[in-house]
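I have placed the structure first, in the form of structure tokens, so that the comments after it can refer back to it.
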Protein chains: 2
Amino acid sequence: MESRIERIKKHLHSSSYKLTPQREATVRVLLEHEEDHLSAEDVYLLVKEKSPEIGLATVYRTLELLTELKIVDKINFGDGVSRYDLRQEGAAHFHHHLVCIECGAVDEIQEDLLEDVEAIVEKRWNFQIKDHRLTFHGICYRCQDKEE
Amino acid sequence: MESRIERIKKHLHSSSYKLTPQREATVRVLLEHEEDHLSAEDVYLLVKEKSPEIGLATVYRTLELLTELKIVDKINFGDGVSRYDLRQEGAAHFHHHLVCIECGAVDEIQEDLLEDVEAIVEKRWNFQIKDHRLTFHGICYRCQDKEE
DNA sequence: TTCCTTTTTTAAAATGATTTTCATTTTGAA
DNA sequence: TTCAAAATGAAAATCATTTTAAAAAAGGAA
């Protein structure tokens with residue numbers, strides 16, 4: 001059976017891009033840090049551990065390329081940096097996030113939950129939805145426990 | 001009856017901040033441009049028309065202050081700049097956005113639409129929601145017409 | 001293989017948004 | 001009026017990200 005890396009390689013090739021060693025190292029870091037919401041700088045530092053010669057600009061270019069190909073999602077929690085999440089394979093919809101305003105933790109919601117809302121928006125606003133971003137800011141279960 | 005500006009003034013005073021001429025000029029620009037999703041630079045240029053002595057740093061500081069006091073919402077559509085929206089008075093919930101990937105237009109959805117989703121999230125993830133951000137990316141009704 | 005063209009990379013410089021610094025001005029309370 | 005704190009403006013600094021330019025790598029054709 002085909003590995004995730006191999007499928008990404010094919011995906012790149014089908015758009016006539018190569019899976020260079022630098023790109024592969026970057027993808028591997030993303031694979032090892034799913035759900036971690038790494039910034040470009042985070043990714044850079046992690047890639048550097050195994051491939052010290054890589055440049056920050058290459059990481060940025062790779063993340064941009066992967067975003068274009070919809071292999072990763074670029075997200076923004078309003079803290080001044082973009083973060084990059086590997087897309088779940090076969091996921092029809094982008095996952096949602098829970099950002100804790102106490103401790104800063106970011107949890108993920110894989111369920112869609114928006115089918116009904118999207119149906120309403122498409123019909124009522126006559127808007128053809130291609131993608132969405134939903135983030136809740138609040139207090140996570142861990143911090144709720146702390147307070148009591 | 002009390003004007004919007006006066007209520008904002010009281011809001012500032014209740015946190016022991018002053019409504020200085022610069023702050024008032026900034027708020028007035030926001031009041032005159034609701035739904036326009038102005039960037040700090042946009043606000044600065046508009047404020048400058050009436051108050052040419054104002055500095056960009058002051059506009060940034062004012063927008064930050066208004067954000068802290070929840071008088072404005074700072075939003076980010078992933079285009080590299082933060083945008084600032086005056087909050088609807090008495091609006092329990094932040095409004096949502098429709099971003100057109102063809103023409104870049106940003107439309108607003110004032111309806112909540114998320115009550116059910118939030119109830120599920122609060123219960124199932126045991127997360128105490130304080131705020132949310134929901135943005136749909138897709139094709140607006142204007143661009144759909146163009147294509148046909 | 002060798003040559004050639006294209007893609008990719010690197011490091012450094014450039015850019016652009018935002019924040020900080022610091023000297024000056026304004027403010028409100030005593 | 002006097003004083004300390006708050007606010008401002010201009011410039012400098014910062015930080016994330018992008019661009020540049022030259023070198024390296026990759027792939028295909030002869």
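The sequence lines fix the lettering, A, B, ..., with proteins before strands; numbering per chain opens at 1.
Atom CG of L65(B) and atom C1' of dA7(D) are 11 Å apart (whole Å). Taking atom CD of residue E68(A) and atom P of nucleotide dT18(D), one finds them 11 Å apart after rounding to whole Å. Computed from coordinates, the L19(B) CG to dA7(D) C1' distance equals 13 Å when rounded to whole Å. If you take CD of E53(A) and C1' of dA25(D), they are 14 Å apart, rounded to a whole angstrom. Straight-line distance from the CG atom of N76(A) to the C1' atom of dA17(C): 13 Å, rounded to whole Å. Here the C1' atom of nucleotide dG27(D) and the CG atom of L12(A) are 17 Å apart, to the nearest Å. Rounded to an integer number of Å, the gap from CG of D79(B) to C1' of dT18(D) is 15 Å. If you measure from atom CG of L38(A) to atom P of dA16(D), you get 15 Å, rounded to the nearest angstrom.
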* **Base versus backbone protein contacts along nucleotides 18-30 of chain C [heavy-atom cut-off under 4.0 Å; B, S, -]** => BBBB---------
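Using a 4.5 Å cut-off on side-chain heavy atoms (C-beta onward), L66(B) and L30(B) make contact.
By the side-chain hydrogen bond (donor to acceptor under 3.5 Å, both in side chains) test, S39(B) is found to be paired with D42(B), residues two or more places apart in sequence or in another chain being considered. Residues forming a side chain to side chain contact (heavy atoms under 4.5 Å, CB included) with A25(A) (at least two apart in sequence, or on another chain): V47(A), S51(A). Residues meeting the salt bridge (charged side-chain N to carboxylate O under 4.0 Å, His left out) test with K48(A), sequence neighbours left out: none. Residues passing the salt bridge (charged side-chain N to carboxylate O under 4.0 Å, His left out) test with E49(A): none are found, sequence neighbours excluded.
The other residues sharing a hydrophobic cluster with F136(B) are L98(A), I109(A), L113(A), L114(A), V117(A), I120(A), V121(A), W125(A), F127(A), I129(A), L134(A), F136(A), L98(B), I109(B), L113(B), L114(B), V117(B), I120(B), V121(B), W125(B), F127(B), I129(B), L134(B), where clustering joins ILVMFWY side chains under 4.5 Å apart. Here Y141(B) is tied to no hydrophobic group at all, with no ILVMFWY side chain closer than 4.5 Å.
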* To do: Fill in the dot-bracket string of DNA chain C, one character per base: . for unpaired, | for a pair to another strand, ( ) or [ ] for pairs within the strand, taking Watson-Crick or G-U pairs under 3.5 Å.
  => ||||||||||||||||||||||||||||||
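Residues in residues 7-39 of chain B take part in these ring-ring contact (aromatic ring centres under 6.0 Å, His included) pairs, two or more places apart or across chains: H37(B)-F77(B), H37(B)-H97(B).
Distances were taken from every side-chain heavy atom of Y17(B) (C-beta onward) to each of dG9(D), dT8(C), dA7(D); the shortest belongs to dA7(D).
Of the two residues near DNA chain D, Y44(B) and S16(B), the one whose nearest nucleotide lies more 5' is S16(B).
For dG9(D), one of the phosphate oxygens OP1 or OP2 lies less than 4.0 angstrom from a side-chain nitrogen or oxygen of Q22(B).
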* To do: Take V106(A) and E35(A) through the side chain to side chain contact (heavy atoms under 4.5 Å, CB included) test and state the conclusion after the steps.
  => CA-CA 9 Å; V106(A) 179; E35(A) 309 217 357; over 6 Å; no
